[in-house]
Amino acid sequence: MDVDEVRKKREEWDKKCLRPFLEKSGERQEKFENLSWIEIDRIYDPSDIEHLSFTDDIGYPGDYPFTRGVYPTMYRGRLWTMRQFSGFGAAEDTNQRWKLLLKEGQTGLSTAFDFPTLMGLDSDDPLSDGEVGKVGVAIDTLKDFQILFDGIPLDKVSTSFTINPPAAIILAMYTAIGDAQGVPRDQLRGTIQNDMLKEFHAQNTLVLPPEPSVKVITDIFEWGVENVPKFNLISISGYHIREAGSTAVQELAFTIADGMAYVEAAIERGIDIDKLAPQLSFFFNSHNDFFEEIAKFRAARRMWAKIMRDEYGAKDPRSWWLKFHTQTAGCSLTAQQPLNNIVRTTIQAMAAVLGGTQSLHTNSFDEAWALPSEEAVRVALRTQQIIAYESGIPSTIDPLGGSYYVEWLTDKVEKLAWDYIERIRKMGEGSMLRGVFAGIENGFFVKEITNAAARFQREVEEGKRTIVGVNKFTIEEQLKIPILKVDPEVQRRQIERLKKVKAERDNVAVKEALDWLRSAAENDENVMRPILEAVKAYASVGEIMGVLKSVYGTYKKPIII
Amino acid sequence: MEKKVRVLVAKVGLDGHDRGAKVVARFLRDAGFEVIYTGLHRTPQEVAMAAVQEDVDVIGISLHSGAHMTLVPKVLNFIREYGGDPDEMVVLVGGIVPEDEFDGLKALGVDGIFIPGTPISEIVDFIKETVPKKKGMKVKS
């Protein structure tokens with residue numbers, strides 16, 4: 001296509017068609033901005049993407065730079081994994097919910113832990129009071145894990161674990177279950193989130209200071225590439241950064257920056273990057289701005305491919321893949337008129353699929369009120385199934401590739417993300433790892449995210465942003481949605497079980513394993529093997545984290561409003 | 001006599017969701033209140049101590065953990081223990097609270113409950129209206 005001709009045609013259209021029309025009837029707004037405050041033009045044409053090359057920037061799926069997807073057949077070969085995040089109460093309750101989800105056609109499991117487990121505390125810790133089993137399943141020892149996976153074959157179902165400070169402990173427990181089921185370790189499939197950097201930026205599940213946190217993560221990499229080569233050892237997450245109020249561009253930039261930091265830590269340790277790379281995965285949010293989300297996913301793949309190939313010198317093309325899980329945006333759900341959330345979630349899920357996600361969690365419509373009820377979870381899963389089996393979207397790969405707007409926006413989002421990455425690199429004097437540590441230390445990430453959250457909220461307050469059912473189209477309503485209640489007895493029963501386990505286990509073996517762990521941590525050795533030993537001896541999550549805390553210290557986040 | 005209304009915005013318990021608390025804190029400050037933010041992961045004792053020491057007129061507790069029925073009464077009891085009187089404070093709870101637990105929280109002495117999506121102007125108005133009623137204090141507007 002001759003772009004000069006396009007420009008000529010554009011000028012002609014502008015003069016003869018557009019201007020006269022605008023004079024008669026104007027537009028709804030003077031300026032149109034997306035959720036990241038990127039100004040969006042009236043229309044896009046080939047002149048807007050003239051600087052992009054089809055072969056170098058867009059290309060074909062399964063081929064560098066993977067803008068259109070990591071696999072050559074994408075959903076024509078295999079649909080994305082439908083993976084609903086779930087967990088509540090004691091291990092029995094979650095095991096039952098999981099079996100229901102598998103029966104309903106879910107294809108992978110994803111574990112929500114309660115806050116004590118997420119923070120590495122036992123159920124009988126005074127700080128755990130009132131929180132045991134509330135927002136996820138309570139795990140104290142391997143005993144709970146055995147109940148959780150009762151009747152679930154680890155060689156058939158892959159499981160994802162949203163766990164960060166105690167990620168090594170949970171990976172050890174999963175390995176122990178696999179060992180007990182007789183599943184070879186090289187056949188274990190699943191994911192631990194294990195991304196502490198985003199905890200410092202946004203999610204705040206904070207136990208150890210930043211540097212020891214990354215040390216333990218690198219230990220997991222080092223152990224994992226040798227022992228569980230099919231297991232995703234990290235899920236580098238933008239999801240929580242977005243939920244904390246960032247823009248899509250910040251979500252993308254900070255996530256990629258964190259990913260680079262982890263890769264640099266692994267390289268410093270001497271881990272073969274081509275061995276590690278296939279075990280890295282990503283996790284993004286899918287928010288309301290449909291095209292921006294699709295652009296973000298496409299840009300993420302292109303950026304990671306460039307980074308892994310050109311910056312870190314990975315040789316195997318599989319190391320250049322950015323594989324990711326997506327969750328629809330929890331923060332976009334409204335407590336008001338909750339059924340509207342089904343529509344929001346559908347749009348967000350479509351963006352994830354059009355963006356080429358490998359797995360997807362769709363939120364349930366009642367989640368601004370509580371953990372989802374069974375009915376709400378079913379609708380959320382059905383939303384994915386309708387997209388997969390009825391919409392026709394998965395029949396062709398990257399159907400929006402080549403759209404002038406989507407290609408322009410993909411490029412724009414990528415450029416803006418690179419600007420951030422260069423700022424972070426500068427803070428680290430050339431090192432992304434040091435740059436991310438510096439940005440945690442000086443509050444850069446938190447300030448960026450908090451400012452975006454406040455700016456968005458101000459626009460909602462001023463009515464510049466519409467949230468249907470919240471600041472426009474509101475009604476008086478009496479809610480009749482059934483709310484899931486967690487049995488208040490869970491905490492008592494959980495504490496009893498922990499007591500019983502501690503009474504029955506071999507306490508000498510526990511002590512020996514914990515001593516080994518302490519000495520490994522003190523001598524800067526890999527902590528994975530002693531943790532696995534401790535887990536198998538039924539040491540509790542709190543006991544194991546307690547050793548790490550006593551050696552590495554703990555972290556209190558500075559207060560920045 | 002007119003003085004600035006003092007508000008404690010508190011995160012209690014283990015949940016780290018601080019977007020709501022921080023944005024509310026910022027907006028309350030912009031609305032002219034004196035705002036103290038506790039930071040994350042505070043125990044009920046720490047929050048109660050801050051409320052008493054800072055002699056606040058309003059205490060806003062943010063939770064997204066579902067633990068409100070345990071932690072809110074603990075905070076209020078510790079305030080009493082430390083020599084304060086929660087009945088003389090305006091007590092607010094914000095976050096994920098199922099509607100059928102509103103009455104339970106109100107029975108404990110919570111004056112206002114604000115769920116996700118609440119316009120912050122509503123919280124500001126609520127404070128301006130309720131502080132004079134509870135404290136006999138005039139609120140600058």
Side-chain angles (χ1 to χ4, degrees), chain A residues 88 114-116 118-119 121 126-135 199 202-206 240 243-245 330-331 333-336 366-371 446 449-451 453-454 456-458 460-461 463 467 469-471 478-479 481 483-486 488 491 556-561, chain B residues 9-31 35-46 50 63-75 94-102 113-124:
Chain A
F88 61 95
D114 68 356
F115 274 116
L118 290 171
M119 293 288 283
L121 299 169
L127 294 172
S128 304
D129 187 25
E131 316 228 29
V132 176
K134 271 275 154 61
V135 300
E199 298 292 337
Q203 179 74 356
N204 300 322
T205 315
L206 301 170
H240 319 79
E243 288 291 299
C331 64
L333 301 179
T334 64
Q336 301 79 359
D366 54 0
E367 289 187 78
W369 287 104
L371 292 193
V446 171
I449 297 166
T450 309
N451 287 341
F456 177 79
Q457 184 62 32
R458 190 163 305 284
V460 172
E461 301 279 323
I467 302 177
V470 174
N471 66 357
Q478 222 32 50
L479 280 167
I481 48 172
I483 301 281
L484 178 90
K485 292 279 178 210
V486 175
Q491 179 165 326
K556 203 85 181 160
K557 190 167 184 162
I559 296 173
I560 302 170
I561 296 182
Chain B
V9 175
K11 281 298 299 179
V12 64
L14 303 177
D15 95 271
H17 299 92
D18 61 353
R19 174 178 180 171
K22 281 162 59 177
V23 171
V24 167
R26 210 187 256 209
F27 279 60
L28 295 183
R29 195 182 59 195
D30 294 349
V35 177
I36 303 136
Y37 172 53
T38 61
L40 282 165
H41 300 145
R42 298 299 156 177
T43 61
Q45 289 92 323
E46 286 169 332
L63 301 107
H64 289 73
S65 61
H68 41 272
M69 296 310 289
T70 308
L71 295 177
V72 172
K74 276 193 182 179
V75 171
I96 305 223
V97 180
E99 200 166 47
D100 59 358
E101 288 175 354
F102 283 19
I113 299 153
F114 300 97
I115 55 167
T118 307
I120 299 178
S121 57
E122 209 173 280
I123 304 175
V124 172

Which one, [options], leads in non-hydrogen pairs under 4.5 Å with chain B?
{"options": "Ala370(A), Ala244(A), Ser128(A), Pro116(A)", "answer": "Ala244(A)"}
{"options": "Ala368(A), Cys331(A), Gly469(A), Pro126(A)", "answer": "Ala368(A)"}
{"options": "Thr334(A), Thr205(A), Leu127(A)", "answer": "Leu127(A)"}
{"options": "Lys557(A), Glu243(A), Glu367(A)", "answer": "Glu243(A)"}
{"options": "Leu206(A), Thr450(A), Leu371(A), Val135(A)", "answer": "Thr450(A)"}

In terms of heavy-atom pairs under 4.5 Å, which option from [options] contacts chain A the most?
{"options": "Pro98(B), Ser121(B), Ala21(B)", "result": "Pro98(B)"}
{"options": "Met69(B), Glu101(B), Arg29(B), His64(B)", "result": "Glu101(B)"}
{"options": "Gly39(B), Gly13(B), Ala25(B), Ser65(B)", "result": "Ser65(B)"}

With a 4.5 angstrom heavy-atom cut-off, is it the side chain or the backbone of [X] that approaches chain B, or both, or neither?
{"X": "Phe88(A)", "answer": "neither"}
{"X": "Ile560(A)", "answer": "backbone"}
{"X": "Gln457(A)", "answer": "both"}
{"X": "Asp129(A)", "answer": "both"}
{"X": "Val460(A)", "answer": "neither"}

Taking side chain as everything from C-beta outward and backbone as N, CA, C, O, which of these in [X] sits under 4.5 Å from a heavy atom of chain A? Side chain, backbone, both or neither.
{"X": "Val23(B)", "answer": "side chain"}
{"X": "Thr43(B)", "answer": "side chain"}
{"X": "Glu122(B)", "answer": "neither"}
{"X": "Ile115(B)", "answer": "side chain"}

When rounded to the nearest 0.5 angstrom, what is the spacing between [atom1] in [X] and [atom2] in [Y]?
{"X": "Met119(A)", "Y": "Asp15(B)", "atom1": "CE", "atom2": "CG", "result": "10.0 Å"}
{"X": "Asn451(A)", "Y": "Arg26(B)", "atom1": "CG", "atom2": "CZ", "result": "4.5 Å"}
{"X": "Asp18(B)", "Y": "Ile449(A)", "atom1": "CG", "atom2": "CD1", "result": "9.5 Å"}

Should the pair Trp369(A) and Phe102(B) be assigned to parallel (<30°), tilted (30 to 60°) or perpendicular (>60°) ring geometry?
tilted

Do Arg458(A) and Asp30(B) meet the salt-bridge criterion of a basic N to acidic O distance under 4.0 Å?
yes

Check Ala453(A) against Arg19(B) and note the closest heavy-atom contact, atom names and distance.
CB-NE, 3.9 Å

Residues passing the ring pair (Phe, Tyr, Trp, His ring centres under 6.0 Å) test with His68(B), sequence neighbours excluded, are none

Could I get the full list of ring pair (Phe, Tyr, Trp, His ring centres under 6.0 Å) partners for His41(B), not counting sequence neighbours?
none

So, Glu461(A) side chain and Ile120(B) main chain: donor-acceptor pair closer than 3.5 Å or not?
yes

Would you confirm whether Glu131(A), through its side chain, and Leu14(B), through its main-chain N or O, come within 3.5 Å as a donor-acceptor pair?
yes

